S.K.: 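Below is one structure. I have some questions about it.
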Amino acid sequence: MKKVLVTGAKGQLGQTLQRDAGKSADWEFIFTDAEELDITSREQVNAFFHRHRPDFCINCAAYTQVDQAEDEPEKAYLINAVGPKNLALACRELNTTLIHISTDFVFDGKRKVPYTEEDEPNPLGVYGQTKWEGEKFIQEICPQRFIIRTSWLYSEYGRNFVTTMISLGKEKDSIRIVADQVGTPTYAIDLASIILQIIDSGSNRFGTYNYSSEGVASWYDFAVAIFEELQKDIKVIPITTQDYPTDAQRPSFSVLNKAKIKENLGITIPHWRQTLRSCLSKLD
């Protein structure tokens with residue numbers, strides 16, 4: 001039986017993995033959050049790994065408050081860089097395969113064609129920079145690793161763009177949404193499925209991979225689609241990034257090229273509009 005440790009179990013992806021964990025009788029899952037395992041503590045990580053000896057570690061733990069990270073760079077670095085470093089060291093020592101979730105925010109968004117895994121990261125803010133630092137630690141330390149960069153993650157769980165739009169739609173009849181930031185919404189269930197497929201396949205094609213849904217959208221397009229699918233008459237007003245200043249600068253273009261993961265894992269990726277419909281059917 002494969003033993004799978006999941007960190008950050010209270011987040012969107014962690015909760016999604018918990019929902020799907022019972023689908024295989026061949027895996028024993030250990031779900032942890034900061035209360036059970038503080039990944040920023042080298043001692044805690046080492047003790048936990050030696051006690052449980054996992055075959056796989058899925059690191060969903062992250063500091064994801066993009067704007068707040070500008071005011072808390074030390075905390076963001078601890079969780080997004082030191083934490084993955086500690087996990088990578090433990091994984092290397094016990095021959096554990098590390099599956100680490102990263103982000104499109106490692107890029108600056110200045111390209112106009114989808115980013116490949118070989119493109120050089122150039123983060124714009126603390127969040128992206130600390131996630132990139134975490135990636136570099138893992139690459140240097142842990143040979144048995146899959147780093148999966150994803151974008152615009154949403155789900156039925158917690159606060160994300162979809163749940164925020166649904167809440168705002170109950171309070172307002174018009175919403176102003178940024179239209180000049182382009183990427184791809186990604187449903188957490190689809191990402192969880194890919195992660196479990198990697199484990200199930202026993203693949204040793206380690207490295208960095210991009211994964212998001214297919215298609216391209218702005219935040220404005222995403223909001224319009226949400227209300228169209230819900231058949232709610234909400235006026236969505238397009239605005240520019242300059243009209244909505246934030247503490248952290250965001251990439252204007254963060255579409256990811258998924259050719260590598262499709263070829264190496266033999267997967268078909270659904271369009272973001274299709275998976276959005278699936279998510280909303282569970283929320284409505």
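Just so it is clear, the structure is predicted and the values come from calculations on it, not from any experiment.
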S.K.: Consider only side-chain heavy atoms of I, L, V, M, F, W and Y, link residues closer than 4.5 Å, and tell whether Leu94 and Trp27 are in one cluster.
M.R.: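 Hydrophobic grouping puts Leu94 apart from Trp27.
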
S.K.: Count the heavy atoms of every other residue, nucleotide or ligand shown that sit under 6.0 Å from CD of Glu171, and state whether that count exceeds 12.
M.R.: yes

S.K.: Charged N to carboxylate O below 4.0 Å: is that the case for Glu229 and Arg277?
M.R.: yes

S.K.: Hydrophobic clusters here meaning ILVMFWY residues chained together by side-chain heavy-atom distances under 4.5 Å, can you tell me if Ile101 and Leu153 are in one?
M.R.: yes

S.K.: Applying side chain to side chain contact (heavy atoms under 4.5 Å, CB included) to Lys131 and Arg149, what does each step give before you reach the verdict?
M.R.: CA-CA 10 Å; Lys131 291 294 287 184; Arg149 293 174 179 155; over 6 Å; no

S.K.: Would you give the length of the straight line joining atom OG1 of Thr32 to atom CD of Gln44, rounded to the nearest 0.5 angstrom?
M.R.: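 Reported value, rounded in 0.5 Å steps: 10.0 Å.
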
S.K.: Please check if any side-chain donor atom of Gln181 sits under 3.5 Å from a side-chain acceptor atom of Ser252, or the reverse.
M.R.: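 Side-chain D/A pair, Gln181 to Ser252: absent.
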
S.K.: Of all heavy-atom pairs between Ala223 and Met165, which one has the smallest distance, and what is that distance?
M.R.: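 Smallest interatomic distance, heavy atoms only, reads CB-SD, 4.0 Å.
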
S.K.: Any chance NZ of Lys85 has more than 12 other-residue heavy atoms, nucleotides or ligands included, within less than 6.0 Å?
M.R.: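 12 or below, so no.
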
S.K.: Would you confirm whether His50, through its side chain, and Asn46, through its main-chain N or O, come within 3.5 Å as a donor-acceptor pair?
M.R.: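 Side chain of His50 to backbone of Asn46: a pair is present.
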
S.K.: Take atom NZ of Lys172 as the centre, draw a 6.0 Å sphere, and report whether it contains more than 12 heavy atoms from other residues, nucleotides or ligands.
M.R.: no

S.K.: Looking at side-chain heavy atoms only, is the closest gap between Val162 and Leu280 below 4.5 Å?
M.R.: yes

S.K.: We want to know whether Asn59 and Thr7 form a side-chain donor-acceptor pair, criterion being a heavy-atom distance below 3.5 angstrom.
M.R.: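 Side-chain D/A pair, Asn59 to Thr7: present.
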
S.K.: Starting from the C-alpha separation in whole Å, work towards a yes-or-no answer on side chain to side chain contact (heavy atoms under 4.5 Å, CB included) for Ile261 and Asn210.
M.R.: CA-CA 7 Å; Ile261 198 168; Asn210 294 334; 6.0 Å; no

S.K.: If you compare all heavy atoms of Phe31 against all heavy atoms of Ala9, which two are closest, and at what distance to 0.1 Å?
M.R.: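 For Phe31 versus Ala9, the nearest heavy atoms are CB-CB, 3.8 Å.
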
S.K.: Quick one: does any side-chain atom of Ser212 pair with a main-chain N or O of Thr186 as donor and acceptor, under 3.5 Å?
M.R.: no

S.K.: Using a 3.5 Å distance criterion without hydrogens, assess whether the side chain of Glu36 forms a donor-acceptor pair with backbone atoms of Asp33.
M.R.: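 Present.
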
S.K.: Heavy atoms only: give me the nearest Asp247-Asp67 pair and the separation to one decimal.
M.R.: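 So the two residues come closest at N-OD1, 3.4 Å.
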
S.K.: Check whether any side-chain heavy atom of Leu230 sits under 4.5 Å from a side-chain heavy atom of Ile166, and report yes or no.
M.R.: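 Yes - at least one pair of side-chain heavy atoms lies under 4.5 Å apart.
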
S.K.: So do the side chains of Tyr154 and Cys279 get within less than 4.5 Å of each other, counting heavy atoms only?
M.R.: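 A side-chain contact exists here, since the closest heavy-atom pair is under 4.5 Å.
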
S.K.: Glu214 and side chain to side chain donor-acceptor pair (under 3.5 Å): which partner among Arg273, Gln274, His271, Lys262?
M.R.: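 It is Lys262; the other options fail the test.
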
S.K.: Among Val6, Val45, Ile30, find the one that has a side-chain contact (heavy atoms from CB on, under 4.5 Å) with Leu37.
M.R.: Val45

S.K.: With distance as the sole criterion, is a donor-acceptor pair present between the side chains of Asn80 and Glu133 under 3.5 Å?
M.R.: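 Judged by distance alone, the side chains do not pair up.
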
S.K.: Taking the side chain as every heavy atom from C-beta outward, state whether Asp243 and Arg176 have any pair of such atoms under 4.5 Å apart.
M.R.: yes

S.K.: Determine, step by step, whether Ser203 and Phe146 satisfy the side chain to side chain contact (heavy atoms under 4.5 Å, CB included) criterion, reporting the C-alpha distance in whole Å, the side-chain angles of both residues, the deciding distance to 0.1 Å, and the verdict.
M.R.: CA-CA 10 Å; Ser203 174; Phe146 294 90; 4.1 Å; yes

S.K.: Find out whether Val236 and Tyr220 are in side-chain contact, i.e. whether some heavy atom of one side chain is under 4.5 Å from a heavy atom of the other.
M.R.: yes

S.K.: Under the salt bridge (Lys or Arg N to Asp or Glu O under 4.0 Å) criterion, do Asp119 and Arg111 qualify, and how do the steps go?
M.R.: CA-CA 10 Å; Asp119 288 320; Arg111 284 172 62 91; 3.5 Å; yes

S.K.: Check whether any side-chain heavy atom of Ile239 sits under 4.5 Å from a side-chain heavy atom of Ile177, and report yes or no.
M.R.: no

S.K.: About how many Å separate CG of Asp38 and CD of Glu43, when rounded to the nearest 0.5 Å?
M.R.: 10.0 Å

S.K.: Do Ser218 and Asp221 get their side chains close enough for a donor-acceptor pair, meaning under 3.5 Å?
M.R.: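 There is such a pair between these side chains.
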
S.K.: Measure the spacing between OG1 of Thr164 and CG of Leu168 and express it to the nearest 0.5 Å.
M.R.: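 The CG atom of Leu168 is 6.5 Å from OG1 of Thr164, to the nearest 0.5 Å.
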
S.K.: Can you give me the closest heavy-atom contact between Lys258 and Tyr211, atom names plus distance?
M.R.: CG-CA, 4.0 Å

S.K.: Would you please test Leu124 and Arg250 for side chain to side chain contact (heavy atoms under 4.5 Å, CB included) and show each step?
M.R.: CA-CA 7 Å; Leu124 297 175; Arg250 288 158 167 77; 5.8 Å; no

S.K.: Surrounding NZ of Lys112 (heavy atoms of other residues, nucleotides or ligands, distance under 6.0 Å), is the total greater than 12?
M.R.: yes

S.K.: Among Tyr127, Tyr115, Trp132, whose side-chain contact (heavy atoms from CB on, under 4.5 Å) with Val106 holds?
M.R.: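 Of the listed residues Tyr127, Tyr115, Trp132, the side-chain contact (heavy atoms from CB on, under 4.5 Å) partner of Val106 is Trp132.
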
S.K.: Counting heavy atoms not belonging to Gln231, are there more than 12 under 6.0 Å from its CD?
M.R.: no

S.K.: Quick one, Gln139 and Arg145 - any side-chain contact, counting heavy atoms below 4.5 Å?
M.R.: yes

S.K.: Can you find a side-chain donor-acceptor pair between Arg205 and Asn264 that sits under 3.5 Å?
M.R.: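 Note: Arg205 and Asn264 side chains meet the donor-acceptor criterion.
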
S.K.: Consider only side-chain heavy atoms of I, L, V, M, F, W and Y, link residues closer than 4.5 Å, and tell whether Leu87 and Ile198 are in one cluster.
M.R.: no

S.K.: Tell me whether the NZ or CZ atom of Lys260 lies within the 45° cone about the ring axis of Tyr209 and under 6.0 Å from its centre.
M.R.: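 Satisfied, under 6.0 Å and within 45°.
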
S.K.: State, without any angle test, whether Glu117 and Thr208 hold a side-chain donor-acceptor pair at a distance under 3.5 Å.
M.R.: no

S.K.: Kindly compute the distance separating OG1 (Thr150) from CG (Leu191), expressed to the nearest 0.5 Å.
M.R.: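 One finds 5.0 Å between OG1 of Thr150 and CG of Leu191.
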
S.K.: Side-chain contact test, heavy atoms from C-beta onward, threshold under 4.5 Å: evaluate it for Val126 versus Gln129 and give yes or no.
M.R.: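 Val126 vs Gln129: side chains apart.
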
S.K.: In Å, rounded to the nearest 0.5 Å, how long is the span from OG of Ser281 to CG of Leu276?
M.R.: 9.5 Å

S.K.: Are Tyr63 and Glu72 close enough that a side-chain donor and a side-chain acceptor fall under 3.5 Å?
M.R.: yes

S.K.: Locate the shortest heavy-atom distance separating Pro54 from Leu5; write the atom from each residue and the value.
M.R.: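 Pro54 and Leu5 have their closest heavy atoms at CB-CB, 3.9 Å.
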
S.K.: Answer yes if the side chains of Asp180 and Thr240 hold a donor-acceptor pair under 3.5 Å, and no otherwise.
M.R.: no

S.K.: May I ask whether Leu283 and Phe161 are part of the same hydrophobic cluster, defined by side-chain heavy atoms of I, L, V, M, F, W, Y residues being less than 4.5 angstrom apart, directly or through others?
M.R.: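 Leu283 and Phe161: one cluster.
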
S.K.: State whether the number of non-hydrogen atoms from other residues, nucleotides or ligands found under 6.0 Å of Arg159 atom CZ is greater than 12.
M.R.: no

S.K.: Got a donor-acceptor contact below 3.5 angstrom from the Glu28 side chain to the Lys2 backbone?
M.R.: no

S.K.: Do Ile147 and Phe107 belong together in a cluster built from hydrophobic side chains that touch within less than 4.5 Å?
M.R.: no

S.K.: How about CD on Glu263, more than 12 heavy atoms from neighbouring residues, nucleotides or ligands closer than 6.0 Å, or not?
M.R.: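 Incorrect, the count does not exceed 12.
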
S.K.: Provide the closest heavy-atom pair for Gln12 versus Asn160 in the form atom of the first, atom of the second, distance.
M.R.: OE1-ND2, 3.1 Å

S.K.: As an exercise, state the distance from SG of Cys57 to CZ of Phe49, rounded to the nearest 0.5 Å.
M.R.: 4.0 Å

S.K.: Report the C-alpha distance between Trp152 and Trp272 in whole Å, list the side-chain angles of each, state the deciding distance to 0.1 Å, and finish with yes or no for ring-ring contact (aromatic ring centres under 6.0 Å, His included).
M.R.: CA-CA 11 Å; Trp152 297 22; Trp272 69 267; 8.8 Å; no

